[in-house]
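Naming convention: chains lettered A, B, ... in sequence-line order (proteins, then strands); numbering from 1 in each chain.
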Amino acid sequence: MTGARRVIATLIRRKPLGAVGAVIALGMVLVAIFADVLAPYEFNDTALLRALQRPGATHWFGTDELGRDVYSRVIHGARVSMLVGLAATAISIGLGGLIGIVSGYFGRRVDLVLQRLVDAWMAFPGLVMAIVILALLGPGLWSVILALGVSQAFSQSRTIRSATLVVREQPYIEASLAVGASHWRVLGRHVLPNVVAPIIIVASTFLGFVILVEAAVSFLGYGVPPPRPSWGGMLSATGRVYMIRAPWLSIFPGLALSLAVFGFNVLGDALRDLLDPRLRAS
Amino acid sequence: MRRYLAQRLLLMIPTLLLVSLMVFAIMRLIPGDVVSLMFQDLGYAQSLAEMRARLGLDLPVHEQYLRWLGGLLRGNFGESLWTQRTVVSQLAERLPVTLELTLLSIALAVLYGGITGIAAAVRPDGWLDVTLRSIAIAFLSLPTFWLGTLAIVLPSLYLGWSPNIQLVDARADPLGHLGQFLLPAAILGTHLGAPVMRMSRAMMLEVFRQDYIRTAWAKGLAERRVILKHALRNAVIPTVTILGVQMAQALGGSVVMEVLFQLPGMGSLLIEAVAHRDFPMFQSLVLCLALLVMAVNLAVDLAYLAIDPRLRTHGR
């Protein structure tokens, strides 16, 4: 993408909220990468003597019922949430993108068959599908990633399919086929680069969504297993139990989670407005 | 119109078969150690062979599928391993609760999303637009179970009021019954309403650009009349299409709300079935949820046809 710098410049000028979202998203990723440096304590450093302390100078976000530093756990939670979010999005967009592009490009029978498959898959509520997969795979970080990624993959394919349908009709596709390029070459060299924009839009909004679904799955008892701290897990387990006595246990992970989702959502929205040619023309 | 309907119904057959195949595959994918765990820990059977037989895993695969499908067609959804009751009798109890919750939440989502979407579109990028959109994104960014927990804890702390744990009978106390569903439905509705708002706002903006709207303004019609009479109907149509997708979302969300508010619906039954490794129950529930989504999608398509007369002539 040659216009990456231009997109960033336009984003800041025309969509300040989207730029804020981009900063939040980038910040979250950086926090996830440098969690070890940023967190003052080990995320699993228990000390019952300092359990349930209020936020203060030594423990900025207070401590939980096992005396663990909530600030460090929120920082490390970013790592889990970003890992789950990015990996599940990669699976989902990869799978959904492949189906969408193949379905849209080849059309006819391939499209008919693949779209029935998509119909069937989309008939299952995403959260239910995720629970089904988790029940089969058993608990674990990678089970959560796989379950969230696979359960939502097919709904992503629709958007990418419609983008491919538009690209397929372009003269350069016909020209390329006329000079004898193979379908796979056309797909890789001409179709894929032209559907990158919708893929980025879908991915950004989806990332926020996955973080929320991870939280919901945690609440239902199928999230990333302890002691690894995930925001959803912190909110739903002890956060709910100690909601009144120690509200900081749920306020801070809740804020971090909402901030991340908010960031990815507004970023996705702004990118859609900027990259969607229909809206750009107006 | 009739041809379209026939086509739609015909296309549903392969999809239905695929759905059934997928649900069937779920059962076959249960890891072997889970079967032995069910046998050992939960006391469902006397021997491992009997456990496999109870799960229907002892026959050849194609025979298993045909048998199961045959049962489904005769309305036999199997029997719960845990409660020993037929799935159908349990569904009959649980389905109305889930339907009530999801439909109420979608109705609230349409109401909230529709009204705010239209209001936001009247002055794009004005203060009302920015405020309403920010609120919608905020609702979209908060986990529903978290809002739900707040909605349970705060009133009980400050007002001494807490939601009923037992299901209030609709006939004995209709208002109490509705009140019990209103809170979870509203929480789900605010979450589901954000995409509705985005869609209806975008559609209103699109419609506002059309010539007939300019004509309506030029005729000197009142703002209320232009917006409600001329623009709304055409903007509503595309918005209806996302309701099918929303239904799947609502059913997923209702799992969380049912567990949180202790409503005895299909979602909480599903979670119980997973916890008890009650796979026959689980299998049928997943199938029923999928059928429900498909039925709503069909209904949405038909509604679409009914609202937009153009489709009746062109879109066959």
Side-chain angles (χ1 to χ4, degrees), chain A residues 17 21 112-113 115-138 151 155 158 208-209 211-222 231-232 235-236 239-240 243-244 250 253-254 257-266 269 278-279 282, chain B residues 11-12 14-23 26 29-31 34 130 133-134 137-138 140-146 149-150 153 157 191 194 198 202 205 209 244-245 247-256 259-260 267 270-271 274-275 277 279 282 285-286 289-294 297:
Chain A
L17 194 61
L112 192 71
V113 171
Q115 287 313 305
R116 295 295 76 69
L117 201 67
V118 173
D119 275 346
W121 193 270
M122 281 176 69
F124 299 97
L127 190 63
V128 171
M129 202 43 143
I131 293 167
V132 169
I133 297 173
L134 278 167
L136 292 174
L137 292 179
S151 63
S155 52
R158 283 276 156 90
F209 176 71
I211 295 172
L212 268 186
V213 181
E214 190 269 327
V217 169
S218 286
F219 166 71
L220 294 171
Y222 294 92
W231 294 332
L235 264 184
S236 53
R240 273 164 30 88
M243 195 171 231
I244 302 303
S250 44
L257 187 144
S258 303
L259 190 67
V261 178
F262 176 82
F264 283 109
N265 271 338
V266 292
D269 262 15
R278 256 192 341 166
L279 293 165
S282 62
Chain B
L11 272 178
M12 259 182 97
T15 311
L16 270 172
L17 277 174
L18 273 172
V19 164
S20 76
L21 257 177
M22 280 160 71
V23 173
I26 290 169
L29 288 173
I30 313 172
V34 174
V130 173
R133 269 161 59 199
S134 307
I137 294 184
L140 204 59
S141 310
L142 287 168
T144 47
F145 72 85
W146 170 239
T149 311
L150 277 179
V153 169
L157 193 67
H191 193 74
R198 181 185 294 158
L205 288 178
R209 280 207 289 266
V245 180
M247 181 67 187
Q249 283 255 350
L251 279 172
S254 77
V255 176
V256 173
V259 171
L260 187 59
L270 183 86
I271 296 298
V274 178
R277 304 203 178 279
F279 275 91
F282 183 56
L285 273 172
V286 173
L289 287 170
L291 292 182
L292 211 59
V293 173
M294 287 178 71
N297 272 320

Let me know if [X] has heavy atoms under 4.5 Å from chain B in its side chain, its backbone, both or neither.
X	result
A/Asp119	both
A/Phe264	neither
A/Leu259	neither

Derivation of the side chain to side chain contact (heavy atoms under 4.5 Å, CB included) call for B/Met12 and A/Arg116: CA-CA 8 Å; B/Met12 259 182 97; A/Arg116 295 295 76 69; over 6 Å; no
Side-chain heavy atoms of [X] within contact of [Y], under 4.5 Å:
X	Y	value
B/Phe282	A/Val132	yes
B/His191	A/Leu212	yes
A/Pro125	B/Ser254	no
A/Phe124	B/Leu289	no

Best-contacting candidate, B/Leu251, B/Leu150, B/Leu140, B/Leu205, against chain A by heavy atom pairs under 4.5 angstrom: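 Result: the option with the highest number of such pairs is B/Leu140.
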Among B/Met294, B/Arg198, B/Gln249, B/Met247, residue most engaged with chain A (heavy-atom pairs, under 4.5 Å):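 Of B/Met294, B/Arg198, B/Gln249, B/Met247, B/Arg198 has the most heavy-atom pairs under 4.5 Å with chain A.
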Any chance you could measure [X], atom [atom1], to [Y], atom [atom2], to the nearest 0.5 Å?
X	Y	atom1	atom2	answer
A/Ser258	B/Trp146	OG	CH2	9.0 Å
B/Ser141	A/Phe209	OG	CZ	12.5 Å
A/Leu117	B/Leu18	CG	CG	5.5 Å

Closest non-hydrogen atom pair between A/Phe262 and B/Ile137, with its separation: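 Heavy atoms only, the tightest pair is CD1-CG2, 3.4 Å.
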Is it the backbone or the side chain of [X] that comes under 4.5 Å from a heavy atom of chain A, or both, or neither?
X	answer
B/Pro143	both
B/Leu291	neither
B/Leu142	both

B/Leu260 and A/Phe219: CA distance, side-chain angles, deciding distance, side chain to side chain contact (heavy atoms under 4.5 Å, CB included) verdict: CA-CA 9 Å; B/Leu260 187 59; A/Phe219 166 71; 3.8 Å; yes
A/Val128 and its side chain to side chain contact (heavy atoms under 4.5 Å, CB included) partner, picked from B/Leu285, B/Val293, B/Val286: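 That would be B/Val286.
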Chain B interface, residue from A/Leu112, A/Val266, A/Leu220, A/Ile211 that has the most non-hydrogen pairs under 4.5 Å: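 It is A/Leu220.
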Among the listed options A/Ala120, A/Ala130, A/Gly254, the residue most often paired with chain B at heavy-atom distances under 4.5 Å: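 Looking at each option in turn, the highest pair count goes to A/Ala120.
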